[in-house]
Amino acid sequence: MRLATWNVNSVNARLETVLKWFEAEKPDVACLQEIKCIDEKFPAEAFERLGYNVAVHGQKTYNGVALLSRTPMEDVLRGLPGDPTDEQSRYIEAVISGPKPVRVASIYLPNGNPIATEKFGYKLAWMSRLHAHAQTLLALEEPLALMGDFNVIPEATDAAHPSDWTGDALFQPESREAFRALKWLGLTEAFQAMDGRPDSYTFWDYQGGAWPRNNGIRIDHALLSPQAADHLRACVINREVRGWEKPSDHVPLIVDLDL
DNA sequence: ATGGTAGACCTTCTA
């Protein structure tokens, strides 16, 4: 079973590129982030034509997440539990049906910049809610994959120029600590477990020639419960996609499970 | 040299 995550930076602006990638990599399940549209504007028919079921938690202009699955999805949860006043669409979860069901979440964790503002507090509070919810899900002792744009650079080796990020929310000690604490609940970071080479990035900024200079960071991650990690076969970053026409600033991350 | 990119949208915000 092939799971994938990709921050597409507007699903409608990127549709041609996204569909091209779907036809090349044929994921069974795909988690999309930053779809940047409301549910009604999501191009569901284009994905249905490729054989996917669609679940969307959209938002006007900003954010927005979606799940695409070859098999029907059950128990769809829209929005991260823990704060009913949170209006940002950054979390969608569903159980992927099949002989071996897997619960999958598409996560767009808050960026948190600038750190001197309430945005950083929102990021840390959101991570705390994610921690609590992950604890609840792990207690189910089921195959589980939390995938998405975590907006956290875990280690200095996950940035081409770590010193450029010292004042940035993505590399703050608090952000990195919260990410580590999440993993310590018993989640396996798939890329670290399988490939794990340093200088492997998932994001290159549009500005300053970041891609041609390979000035990237690794901020898109897949976290697996023990019941999913037991079946982990491969985890790869589709780096080449950043060089395609009209690219997103993020590239897809693929997880293959023997399920 | 105080710039630079991209997307959505009302002209500025977010990343």
Side-chain angles (χ1 to χ4, degrees), chain A residues 5-21 31-44 46 56-66 79-80 86-91 106-127 130 147-154 158-172 174-176 178-179 201-221 237-253:
Chain A
T5 178
W6 192 8
N7 178 326
V8 293
N9 185 20
S10 173
V11 69
N12 285 306
R14 204 82 52 220
L15 189 57
E16 205 178 321
T17 308
V18 171
L19 294 175
K20 176 184 166 185
W21 174 82
C31 305
L32 304 184
Q33 299 89 36
E34 279 206 273
I35 61 171
K36 290 189 170 178
C37 64
I38 57 174
D39 295 11
E40 294 72 23
K41 297 273 178 67
F42 188 88
V56 182
H57 185 39
Q59 183 181 330
K60 192 181 175 186
T61 311
Y62 305 119
N63 312 319
V65 287
L80 181 65
D86 186 0
E87 293 183 341
Q88 300 189 30
S89 297
R90 296 177 172 277
Y91 186 93
S106 177
I107 292 172
Y108 180 41
L109 207 145
N111 175 295
N113 280 307
I115 56 174
T117 68
E118 69 286 347
K119 291 183 180 189
F120 190 53
Y122 175 67
K123 178 184 190 129
L124 296 179
W126 206 95
M127 293 188 85
L130 180 61
M147 308 180 61
D149 176 1
F150 282 74
N151 269 316
V152 175
I153 303 166
D158 297 313
H161 302 294
S163 59
D164 289 356
W165 299 91
T166 46
D168 195 285
L170 278 60
F171 198 51
Q172 286 310 289
E174 295 94 326
S175 311
R176 297 170 60 199
F179 186 69
Y201 311 126
T202 64
F203 169 92
W204 294 261
D205 203 287
Y206 289 122
Q207 299 186 60
W211 168 243
R213 295 166 191 259
N214 193 27
N215 180 10
I217 52 177
R218 192 173 71 93
I219 56 175
D220 298 86
H221 307 295
I237 297 167
N238 284 166
R239 173 182 225 281
E240 69 283 0
V241 174
R242 186 63 177 80
W244 288 6
E245 281 289 300
K246 216 176 180 244
S248 169
D249 41 6
H250 295 251
V251 297
L253 175 72

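Residue numbering restarts at 1 for every chain, and letters A, B, ... go by the order of the sequence lines.
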_Can you list everything that forms a ring-ring contact (aromatic ring centres under 6.0 Å, His included) with A/Trp21? Sequence neighbours excluded, please._
A/Trp6
*Identify, with sequence neighbours excluded, every residue that meets salt bridge (Lys or Arg N to Asp or Glu O under 4.0 Å) alongside A/Asp220.*
none
*Taking atom C1' in both B/dG4 and B/dA15, compute the distance separating them and give it to the nearest angstrom.*
14 Å
_How close do A/Lys119 and A/Asn113 get, counting heavy atoms only, and between which atoms?_
CD-O, 3.0 Å
*asked:* Tell me the interatomic distance from A/Gln59, atom CD, to B/dG7, atom P, rounded to whole angstroms.
replied: 19 Å
*For A/His57, check ring-ring contact (aromatic ring centres under 6.0 Å, His included) against everything at least two apart and list the hits.*
none
*Within less than 4.0 Å of OP1 or OP2 of B/dA6, is there a side-chain N or O belonging to A/Arg14?*
no
*Report the residues that fulfil side chain to side chain donor-acceptor pair (under 3.5 Å) with A/Gln59, sequence neighbours left out, ordered by chain and then residue number.*
A/Asn63
*Take atom C1' in B/dT14 and the same atom in B/dC10, then report the distance between them in whole Å.*
15 Å
*Not counting sequence neighbours, which residues clear side chain to side chain contact (heavy atoms under 4.5 Å, CB included) with A/Ala210? List them please.*
A/Trp204, A/Asp205, A/Asn215
For nucleotides 13-15 of chain B, which of its nitrogen or oxygen atoms have a protein nitrogen or oxygen under 3.5 Å away, and what is each distance?
residue	atom	partner	partner atom	Å
B/dC13	O2	A/Tyr62	OH	3.4
B/dT14	OP2	A/Lys119	NZ	3.0
B/dT14	O5'	A/Lys119	NZ	3.4
B/dA15	OP1	A/Arg90	NH2	3.2

